[in-house]
Amino acid sequence: MSETGKLPIGVFDSGVGGLTVVRALMERLPLENIIYFGDTARVPYGVKSVATIEHFTGQITDYLLDQGVKMLIIACNTMAAVASQVVKEKAGHIPVLDVIDAGARAAVAESRSRAIGVIGTPTTVNSNAYARRMHALDPNVRVYSQACPLFVPLVEEGWLEHEVTRLTAQEYLKPVLAENVDTLVLGCTHYPLIKSLLQDVVGPNVRLVDSAITVAEQAARMLNELGIANPGDSLSTYHYTVTDIPLRFQTIGERFLGRSLGQIEKVDW
């Protein structure tokens with residue numbers, strides 16, 4: 001059992017956004033080893049066809065399975081929305097978690113009024129994956145989704161407290177807040193970086209659900225249930241693998257991770 005425990009958790013995303021999930025895992029599970037894969041050469045996935053996203057997701061899954069991971073976490077909402085089945089089929093007995101399932105479960109558990117807002121990229125919102133998952137958990141919830149395409153570039157620009165970001169958030173959230181939601185799901189891994197600004201905009205009566213934190217909680221529970229948590233008799237290791245190292249990758253990556261990235265490995269396909 002303990003030998004499996006020492007194997008790493010594989011976390012993957014279309015780019016750097018999934019580093020917010022890695023950050024949450026580091027804080028929640030400091031003893032675990034982690035391999036992160038960001039497909040930085042082919043980002044963004046949001047504008048690609050379902051077939052292409054499934055193909056790319058399958059490639060990344062195969063790569064991480066070859067590294068000998070004990071758990072897979074789909075840290076990309078777009079991948080989770082359209083290709084989670086591909087990952088599960090390839091993974092076999094290895095547990096697979098994803099940010100949409102974790103966020104949906106947390107939102108349904110949190111909401112008192114049963115009115116829940118979801119913000120995400122256009123692809124995630126158009127896929128209706130959050131609403132479908134929430135309705136499967138509780139048919140009585142009402143889900144109001146809003147695409148927020150400008151948030152990703154604003155976050156990558158580092159405008160986390162900027163007035164432009166605040167005004168953009170106020171515009172996007174107006175129709176969602178008009179529905180009197182009491183819970184708002186941050187349905188994109190970039191959004192935790194503007195969580196405090198979003199909380200200001202929605203006010204104290206709306207609870208924000210951060211999928212990065214909820215998926216880390218889910219991972220902690222599952223590792224314990226399966227008896228594959230790392231006993232932690234050696235220092236945990238973190239490996240970062242990407243398909244391209246763009247000019248600003250280090251800067252943006254470290255902003256998402258909240259610490260130094262250390263060594264980054266580039267794979268060529």
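Numbers here are sequence positions counted from 1.
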Is there a side-chain contact between [X] and [Y] (heavy atoms, below 4.5 Å)?
X    : Y    : result
I119 : Y191 : yes
L186 : L198 : yes
Y36  : T241 : no
V21  : D13  : no
M71  : V96  : no
P192 : D210 : yes
F37  : S14  : no
K70  : N230 : yes

Whether [X] side chain and [Y] backbone form a donor-acceptor pair below 3.5 Å:
X    : Y    : result
T20  : T189 : yes
D98  : I74  : no
N33  : K6   : yes
T52  : K48  : no
T243 : T40  : yes
R23  : F256 : yes
Q199 : G203 : yes
Y172 : L167 : no
D182 : S113 : yes
R207 : V185 : no

Checklist outcome for this item: Heavy-atom nearest pair, L226 first then P95, reads CD1-CG, 3.7 Å
Checklist outcome for this item: Closest heavy-atom pair, R105 versus R133, reported as atoms and distance to 0.1 Å, is NH2-NH2, 3.0 Å
With rounding to the nearest 0.5 angstrom, report the [atom1] to [atom2] distance, [X] to [Y].
X    : Y    : atom1 : atom2 : result
I228 : L7   : CD1   : CG    : 8.5 Å
I94  : K88  : CD1   : NZ    : 14.5 Å
Y240 : I264 : OH    : CD1   : 9.0 Å

Less than 4.0 Å between a side-chain N and a carboxylate O, is that true for [Y] and [X]?
X    : Y    : value
R28  : E217 : yes
K266 : D244 : no
E161 : R166 : yes

Item to check | Evaluation steps, side-chain hydrogen bond (donor to acceptor under 3.5 Å, both in side chains), between H239 and E265 | outcome: CA-CA 8 Å; H239 290 288; E265 183 191 347; 5.9 Å; no
Item to check | N77 vs Y130, side-chain contact (heavy atoms from CB on, under 4.5 Å): CA-CA, chis, key distance, verdict | outcome: CA-CA 10 Å; N77 282 270; Y130 273 102; 2.6 Å; yes
Checklist entry - What orientation do F56 and Y45 show, parallel under 30°, tilted 30 to 60°, or perpendicular over 60°? => result tilted
Checklist entry - Taking it one step at a time, do T124 and T121 satisfy side-chain hydrogen bond (donor to acceptor under 3.5 Å, both in side chains)? => result CA-CA 5 Å; T124 301; T121 63; 3.1 Å; yes
Item to check | Working for side-chain contact (heavy atoms from CB on, under 4.5 Å), residues Y144 and V118 | outcome: CA-CA 6 Å; Y144 304 97; V118 176; over 6 Å; no
Next on the checklist: Testing the 3.5 Å rule here: is there a donor-acceptor pair between the side chains of D101 and Q218?
Outcome noted: yes
